[in-house]
Protein chains: 2
Amino acid sequence: MSVATVPRNRRAERYEATRREILDAAWELVRANGLDSLAMRDLGARVGMRAQSLYVYFASKDAIFDAMFGESNRELLRRLTALGAVADPAEGVRRNARTFLDFCIEDPVRYQLLFQRTIPNFEPSREAYAPALRILDNARAALSACGITDARAFDAWTAVTGGLAAQQNANEPGGDRWVRLTDDIVDMYLAYYRPVTGGETT
Amino acid sequence: MSVATVPRNRRAERYEATRREILDAAWELVRANGLDSLAMRDLGARVGMRAQSLYVYFASKDAIFDAMFGESNRELLRRLTALGAVADPAEGVRRNARTFLDFCIEDPVRYQLLFQRTIPNFEPSREAYAPALRILDNARAALSACGITDARAFDAWTAVTGGLAAQQNANEPGGDRWVRLTDDIVDMYLAYYRPVTGGETT
DNA sequence: GTCTATATTTGGATAGAC
DNA sequence: GTCTATCCAAATATAGAC
């Protein structure tokens with residue numbers, strides 16, 4: 001249990017801190033002006049640099065979006081895995097849905113970046129995208145605990161939960177007109193797709 | 001029953017025909033290259049004009065998008081009203097959903113224009129948007145015939161149908177992995193939201 | 001009604017000095 | 001690692017001749 005096995009590297013630390021600062025500024029700007037109008041000039045100004053200096057920290061504008069995409073995905077995955085186990089599998093599904101939807105509506109711009117893919121030419125890297133797969137696995141596991149394992153049923157799940165988020169952000173960002181229906185929608189879904197034998201057994 | 005009460009105006013007809021030509025070319029271009037990369041230069045070239053000459057027919061690029069938005073909305077409304085009456089109200093709901101979803105997936109770019117609102121700064125005019133309200137009324141009427149009149153239930157309806165379209169176009173444009181679930185989703189929805197007394201009575 | 005010419009804006013990115 | 005100086009490209013839109 002050594003206290004400091006890894007020698008600190010002040011240069012690298014400073015570099016990382018600056019990257020972090022740039023990303024934070026980027027989030028502020030896109031929340032204020034929209035995803036598509038993030039400009040390197042503005043971003044530089046926000047952190048007290050010229051646009052050109054940003055290229056020391058990020059290879060391109062898309063690399064900045066990619067970092068934002070990646071950290072958002074990791075955050076959602078973190079929240080979902082933090083939920084832990086519950087006795088009632090239906091409650092597990094409900095919590096999964098609520099967590100997902102809270103995440104989607106608390107920052108519409110982040111939602112747009114992750115799920116709408118509206119930035120011209122931007123394609124997330126495999127690394128940034130990876131957590132999304134585990135997020136889906138997480139939902140699949142929650143449904144599986146309810147005895148729902150069918151692939152079509154899972155597609156129906158992504159459609160109904162995604163639909164709530166989409167309607168909310170498109171028609172009433174910041175409100176709760178659609179997301180407050182989450183529990184109803186989960187009830188409706190489980191009533192239809194849960195096998196009558198019920199249950200989490202194999 | 002006069003045959004030609006309105007005198008033809010060859011000049012105006014030519015003008016309208018050219019506008020139509022420009023819009024058709026715009027549709028071709030956005031389907032090929034994406035909504036956001038529609039450029040006046042390219043559009044001009046497509047119809048054999050310089051970009052500048054397009055301004056004789058449309059005041060701005062947004063005016064072109066607005067015309068596209070309007071005609072798409074009118075087309076969807078036309079299809080929905082053409083459905084007419086059915087004996088079984090549940091079948092009416094199903095047809096409404098199928099018609100809507102077919103429309104959404106047959107042209108993902110049109111879907112994006114109407115429902116994703118991803119073009120920077122573009123806001124449809126009131127006139128172009130108007131049919132959307134009647135499209136919603138149409139769905140409300142179909143559900144109402146099933147005894148579903150609650151506002152929350154209607155929001156749930158737009159979420160589940162919209163969710164199918166969104167998932168399909170986002171994850172598998174051109175495919176049917178999600179839209180083929182339409183009838184299941186309608187069954188699920190009606191099973192949950194239809195009052196047990198059932199029925200189309202007043 | 002179409003053209004040429006041009007204004008204007010915007011924004012990503014590189015080279016090289018310090 | 002930050003700067004100045006540029007480059008380059010793309011696009012919308014206007015003015016005015018023909």
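Residue numbers begin at 1 in each chain, while the letters A, B, ... track the order of the sequences.
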- Task: Using side chain to side chain donor-acceptor pair (under 3.5 Å) as the criterion, list what pairs up with B:E75, not counting sequence neighbours.
- Result: B:R78, B:R79

- Query: For B:R31, what residues pass the side chain to side chain contact (heavy atoms under 4.5 Å, CB included) criterion, not counting sequence neighbours?
  - Reply: B:W27, B:D107

- Between residues 44-54 of chain B and DNA chain D, which residues have a heavy-atom gap below 4.0 Å? B:Q52

- Message: Between A:D137 and A:R134, does any side-chain N to carboxylate O distance fall below 4.0 Å?
- Response: no

- Note on the structure: Axis-to-axis angle across the helix from C:dG1-D:dC18 to C:dC18-D:dG1, five pairs each end, nearest 10 degrees, ~ 10°

- Message: Any base atoms under 4.0 Å from A:L43, or only sugar-phosphate, or nothing? Heavy atoms, all strands.
- Response: nothing

- Item | Side-chain ion pair, B:E91 and B:R95, N-O less than 4.0 Å | yes

- Note on the structure: Contacts of A:D184 meeting side chain to side chain donor-acceptor pair (under 3.5 Å) (sequence neighbours excluded), chain-then-number -> B:R152

- Message: Reading DNA chain D in the 5' to 3' direction, which nucleotide is the first one with an atom under 4.0 Å from a heavy atom of chain B, and which is the last?
- Response: D:dA11 to D:dT14

- Item | Proximity to DNA chain D (any heavy atom under 4.0 Å), residues of residues 14-29 of chain A only | A:Y15

- Cationic tip of A:R110 above A:F103 ring, under 6.0 Å, 45° of axis: yes

- Query: For the pair made of CZ in A:R41 and C1' in C:dT10, what is the distance, rounded to whole Å?
  - Reply: 7 Å

- Quick one: ring pair (Phe, Tyr, Trp, His ring centres under 6.0 Å) partners of B:Y55, sequence neighbours excluded? none

- Might you confirm whether atom CD of A:E127 has over 12 heavy atoms from other residues, nucleotides or ligands at distances under 6.0 Å? no

- Note on the structure: Expected list for residues 60-68 of chain B near DNA chain D, using heavy atoms below 4.0 Å, is B:S60, B:K61

- Within 6.0 angstrom of A:N121 CG, more than 12 heavy atoms from elsewhere: no

- Task: Return the set of residues passing ring pair (Phe, Tyr, Trp, His ring centres under 6.0 Å) with B:Y57 (not counting sequence neighbours), or none when no residue passes.
- Result: B:Y15

- List the steps and the verdict of ring-ring contact (aromatic ring centres under 6.0 Å, His included) for B:F58 and B:F65. CA-CA 10 Å; B:F58 293 95; B:F65 280 130; over 10 Å; no

- Task: May I ask you to decide whether B:R46 forms a salt bridge with B:D42, counting only side-chain N to carboxylate O separations under 4.0 Å?
- Result: no

- Message: By the 4.0 Å heavy-atom rule, please label B:F58 as base, sugar-phosphate, or nothing.
- Response: nothing

- Of all residues at least two apart in sequence or in a different chain, which pass the ring pair (Phe, Tyr, Trp, His ring centres under 6.0 Å) check with A:Y192? none

- Query: When the nearest nucleotide of DNA chain D is assigned to B:S37 and to A:Y57 on a heavy-atom basis, which residue is associated with the more 5' position?
  - Reply: A:Y57

- CZ (B:R50) with more than 12 external heavy atoms under 6.0 Å: no

- Set of ring pair (Phe, Tyr, Trp, His ring centres under 6.0 Å) partners for B:F154, sequence neighbours left out: none

